[in-house]
Amino acid sequence: VETKKNLTACRRCPSGWINPYVGMSLCVECERGLHQSRAGKTECEPCSVHHFSGDAGQHVCTACPAGFEAPSRGSNQCSRCSEGMRANSTTSSSLGCRPCSVGRFRPNGNPNSLICQPCPAGFKNPILKQGQCLACEAGRFMQHENSTICNDCFVNTFSERSASSVCKDCPAGYFTP
């Protein structure tokens, strides 16, 4: 056992470090995903939801940037918003990801997009949290963006293909039953 002279006080472990045991002679870094903001503590605390600690020994956790989330406590990294999800906001005051609303989508293939796009004319999206829109079936159309339904072609009009934004008039001598 090593001894030192004139030890008149114990030192506190710095923030980001802990000493969990009485008589322990060294401080231990808080692991990734954990932090300790105050000196002299015995336990590290998990980062809160939508915050992370990527390195050991941190005294604070960092908020995930817009378009990323850490959905559980104690995260050591943030993940990009998944397909069909958008950034809650482009500011750090609103954290996490939110589902795209009906009539909108956000594909995984566009990592720079933080917002949901409207479904184009000829497409629909009746469900929350989608990564793509569905084409209107042949015989149906949608002329507006941001739609949740496709309409049937009107009497004496038709659409031969899917994803139609308009129906064509039947030519002279033809009709739709």
Side-chain angles (χ1 to χ4, degrees), residues 1-120 123-135 142 144-149:
V1 175
E2 183 180 334
T3 60
K4 293 186 179 183
K5 294 182 181 183
N6 300 324
L7 294 177
T8 59
C10 295
R11 291 189 192 160
R12 292 191 303 177
C13 292
S15 59
W17 295 70
I18 60 167
N19 184 332
Y21 305 108
V22 173
M24 188 170 169
S25 61
L26 58 109
C27 298
V28 179
E29 287 180 302
C30 291
E31 295 178 11
R32 294 175 58 196
L34 303 174
H35 77 287
Q36 181 46 261
S37 58
R38 297 182 7 220
K41 293 298 175 183
T42 60
E43 292 181 348
C44 296
E45 298 175 6
C47 294
S48 60
V49 172
H50 304 308
H51 291 76
F52 75 105
S53 169
D55 295 316
Q58 297 299 304
H59 66 280
V60 294
C61 295
T62 305
C64 294
F68 289 79
E69 68 177 344
S72 59
R73 291 172 42 93
S75 294
N76 60 25
Q77 65 183 11
C78 299
S79 302
R80 186 174 296 283
C81 293
S82 60
E83 180 176 83
M85 302 288 283
R86 64 172 174 84
N88 192 19
S89 172
T90 55
T91 66
S92 61
S93 62
S94 297
L95 303 171
C97 301
R98 293 266 193 248
C100 292
S101 60
V102 295
R104 302 180 78 79
F105 73 106
R106 188 178 103 36
N108 248 354
N110 188 357
N112 296 324
S113 175
L114 302 179
I115 60 171
C116 299
Q117 305 294 322
C119 292
F123 291 81
K124 65 179 178 177
N125 181 6
I127 304 169
L128 287 172
K129 194 179 168 184
Q130 296 301 303
Q132 63 186 13
C133 297
L134 305 170
M142 177 40 64
H144 303 290
E145 292 185 334
N146 210 33
S147 182
T148 60
I149 61 166

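In what follows, residues are counted from 1 in the order of the sequence shown. Because the structure is a prediction, the values reported are computed rather than measured.
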Examine distances only and state if a side-chain atom of Asn125 and a backbone atom of Arg104 form a donor-acceptor pair shorter than 3.5 Å. yes
Determine the minimum heavy-atom distance between Pro65 and Cys78, stating which atoms define it. CD-SG, 4.4 Å
What residues form a salt bridge (Lys or Arg N to Asp or Glu O under 4.0 Å) with Lys124, not counting sequence neighbours? Glu137
Got a second to check how far Gln58's CD is from Gln36's CD, nearest 0.5 Å? 12.5 Å
Over all heavy atoms of both residues, which pair between Pro99 and Arg86 is shortest? Give the atoms and the distance, please. O-NE, 4.1 Å
Please walk me through it: do Ile115 and Arg106 pass side-chain contact (heavy atoms from CB on, under 4.5 Å)? CA-CA 7 Å; Ile115 60 171; Arg106 188 178 103 36; over 6 Å; no
Spacing of Gln117 atom CD and Cys100 atom SG [to the nearest 0.5 Å]: 8.5 Å
Output the distance between atom NE2 (His35) and atom NZ (Lys41), rounded to the nearest 0.5 Å. 12.0 Å
Report, one line per pair, each donor and acceptor closer than 3.5 Å where one atom sits in a side chain of residues 42-56; sequence neighbours left out.
from  : atom 1 : to    : atom 2 : distance (Å)
Ser48 : OG     : His51 : ND1    : 3.2
His51 : ND1    : Val49 : O      : 3.1
Ser53 : OG     : Leu34 : O      : 3.3
Ser53 : OG     : Asp55 : O      : 3.0

With a cut-off of 6.0 Å (strictly less than), are more than 12 heavy atoms of other residues, nucleotides or ligands near CD of Glu31? no
Donor-acceptor contacts, no H, no angles, side chain residues 15-28, under 3.5 Å, sequence neighbours left out:
from  : atom 1 : to    : atom 2 : distance (Å)
Asn19 : OD1    : Tyr21 : N      : 3.3
Asn19 : ND2    : Met24 : O      : 3.1

Enter the distance from Phe105:CZ to Gln130:CD here, rounded to the nearest 0.5 Å. 11.5 Å
